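Note that the coordinates shown come from a computational prediction; the quantities given were computed from them, not determined experimentally.
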Amino acid sequence: MRKKERAAENLTECLPEYGQQKLLLCADSCRNIARMMSSFPPKEEGMSREDMFYHKRLQENQAFVARQFLSLADQLSGLANESYSYIASGDARFREIARLLKGEDIQVRHIYFMEDENRDGVLEITMCSRNGRVPVKDVAGLLSGFYDLRLMPSVRCPYFIEEEYHSFTFVQEPTYNIIVGQAGAVMGGESVSGDNAALAEGIDGHGILMLADGVGSGEEAFQSSEKILEFVENFLLAGYSREETIQILNNLLLQSGQEKWMATLELCDINLYKGICEWYKIGAPAGYHKRQDMAERIQISNLPLGAFGTLNLDSARIRLEEGDYLILLSDGVLDGLNEEDGTGRLEAYIGRLDLQNPREMARAILEYSVQLHRGRIEDDMTVMVAGVWRN
């Protein structure tokens, strides 16, 4: 897309200087607060055991808050220095698009191409409708034909074009698409599972699989795992990295001092343009990458969230192909199975499964696990399967 507009004027847009300075000052203030909180006075000799315990706890709490202020400072500094490179559409191209959209009673004010790290470019159009509400996906179809590209509205776009001018962003359709299915079984004697699984789709070009298993079972474990997934999704949407998000969450749970908030977390971030998956496991059991009749076990040793201050945030990096499957499992699926007769048989079963529908595959894996447990469900079981296909 950029090559077609090479002759057009290049513009770089940043925050106005006044806004930049205010954000940078806020960032400096956060760093100063962090430094002050990190300079906690050393413990005095002769303290009682109770006072020493209180003092140590206070130091840990202040160190945690200091880390959060430093993270916030980095976010503010990044925002202040963020810039976008725009390529203004040439006059001839602008008139052609304006004429095309005028046929749909849409009036165009500006057309720009924005640089993007994953794609060939992003199209931004400021426009309004002169005849009621128009679905923005209809315009995406017109633009796709015009540019001979598969364009779609950004996930942050308004759904309708209305009578007031707004800017709408169109991105190239990702190379890959994922379809997710899941199946679960509730521990005997409970009415609700303590596991929660979700697909986060709010970041352009990424699909993020998440599975959390709350400590214990029942309603309390369900609330714990649900809050964890909400936290992770919100922080990722706010622009925090996967590593920052997981570490902040771990520190929060650690500072709560309540074992009931401990949980395992599994996170698969799939770049749908590049076909690359970054797979993180925090206390979670093995998962599987299935390609045809082969199942590769994915395992990263770690303690659950809230159990220890410093996490091992290594990830497994997987290059995906069409027809691959990512399989996430909660503890209950594998717990109690020995290596040879249990997990080995399950792994072999996953490899020879000849199902294409992710929901059917999840259900089949769950049923086989229940068989291996001889029909006993002594912990909540959840199986999440994501199938990868080319668009």
Side-chain angles (χ1 to χ4, degrees), residues 1-16 19 79 82-179 199-208 237 239 270-276 322 388-391:
M1 191 186 295
R2 290 198 299 269
K3 293 178 181 177
K4 298 181 181 179
E5 299 290 331
R6 193 180 298 277
E9 179 185 3
N10 281 13
L11 305 171
T12 300
E13 294 291 337
C14 303
L15 279 172
L79 182 60
E82 201 169 66
S83 64
Y84 301 91
S85 178
Y86 290 89
I87 305 171
S89 180
D91 290 342
R93 182 59 55 87
F94 179 91
R95 287 194 296 270
E96 290 179 60
I97 296 175
R99 190 180 304 115
L100 173 70
L101 297 184
K102 187 176 181 181
E104 305 297 321
D105 289 322
I106 294 171
Q107 189 164 330
V108 177
R109 179 177 285 175
H110 300 298
I111 302 174
Y112 290 105
F113 292 94
M114 298 169 57
E115 301 288 343
D116 183 84
E117 63 177 342
N118 290 323
R119 299 172 288 268
D120 190 38
V122 177
L123 178 66
E124 184 175 289
I125 303 182
T126 304
M127 55 188 167
C128 68
S129 171
R130 293 307 186 194
N131 187 24
R133 307 168 85 191
V134 177
V136 70
K137 62 181 180 63
D138 292 352
V139 173
L142 291 171
L143 294 171
S144 295
F146 181 84
Y147 284 104
D148 194 23
L149 294 168
R150 299 178 68 175
L151 296 173
M152 58 183 284
S154 163
V155 293
R156 296 176 181 84
C157 260
Y159 190 79
F160 290 104
I161 302 167
E162 310 213 38
E163 294 182 357
E164 294 183 359
Y165 279 103
H166 287 286
S167 291
F168 296 83
T169 303
F170 299 90
V171 299
Q172 292 192 52
E173 188 176 271
T175 307
Y176 294 94
N177 180 40
I178 55 174
I179 298 177
L199 168 65
E201 299 180 285
I203 303 174
D204 278 324
H206 287 257
I208 301 174
L237 289 174
I270 305 168
N271 186 316
L272 298 173
Y273 286 94
K274 297 179 179 179
I276 293 174
E322 183 171 25
V388 181
W389 285 276
R390 280 187 169 270
N391 281 321

Any chance you could measure Glu104, atom CD, to Ser129, atom OG, to the nearest 0.5 Å?
-> 10.0 Å
Nearest heavy-atom neighbours spanning Leu142 and Leu100 | O-CD2, 4.0 Å
Check whether any side-chain heavy atom of Leu151 lies under 4.5 Å from a side-chain heavy atom of Gln172, and answer yes or no.
-> yes
Side chains of Tyr159 and Lys137: closer than 4.5 Å at any heavy-atom pair?
-> yes
Under 3.5 Å: donor-acceptor pair, side chain of Thr175, backbone of Tyr273 | yes
d(Ile125 CD1, Leu101 CG) to nearest 0.5 Å is 6.0 Å
pair Val134-Phe160: side-chain heavy atoms closer than 4.5 Å = no
Is the distance between the ring centroids of Phe170 and Tyr147 under 6.0 Å?
-> no
Interatomic distance, Arg109 atom CZ to Ser167 atom OG [nearest 0.5 angstrom] = 9.0 Å
What heavy-atom pair brings Pro158 and Val136 nearest, and what distance separates the two atoms?
-> O-CG1, 3.4 Å
Could you state the interatomic distance from CZ (Arg390) to CD (Glu322), rounded to the nearest 0.5 Å?
-> 7.0 Å
Counting only heavy atoms not in Glu163, do more than 12 fall under 6.0 Å of its CD?
-> no
List the steps, then state whether side chain to side chain contact (heavy atoms under 4.5 Å, CB included) holds for Leu123 with Leu149.
-> CA-CA 11 Å; Leu123 178 66; Leu149 294 168; over 6 Å; no
Where is the tightest heavy-atom contact between Met152 and Pro174, given as atom of each residue plus distance?
-> SD-CD, 3.5 Å
Distance (rounded to the nearest 0.5 Å) between Leu143 CG and Ile111 CD1 = 8.0 Å
Tell me, do Thr126 and Tyr112 make a side-chain contact under 4.5 Å, heavy atoms counted?
-> no
Phe168 side chain near Ile161 side chain, heavy-atom distance below 4.5 Å | yes
Kindly compute the distance separating CZ (Arg99) from CD (Glu96), expressed to the nearest 0.5 Å.
-> 7.0 Å
Check: Asn177 side chain, Asn391 main-chain N or O, donor-acceptor pair, under 3.5 Å | no
Looking only at non-hydrogen atoms, find the nearest pair between Glu201 and Val155 and report the distance.
-> O-CG1, 3.7 Å
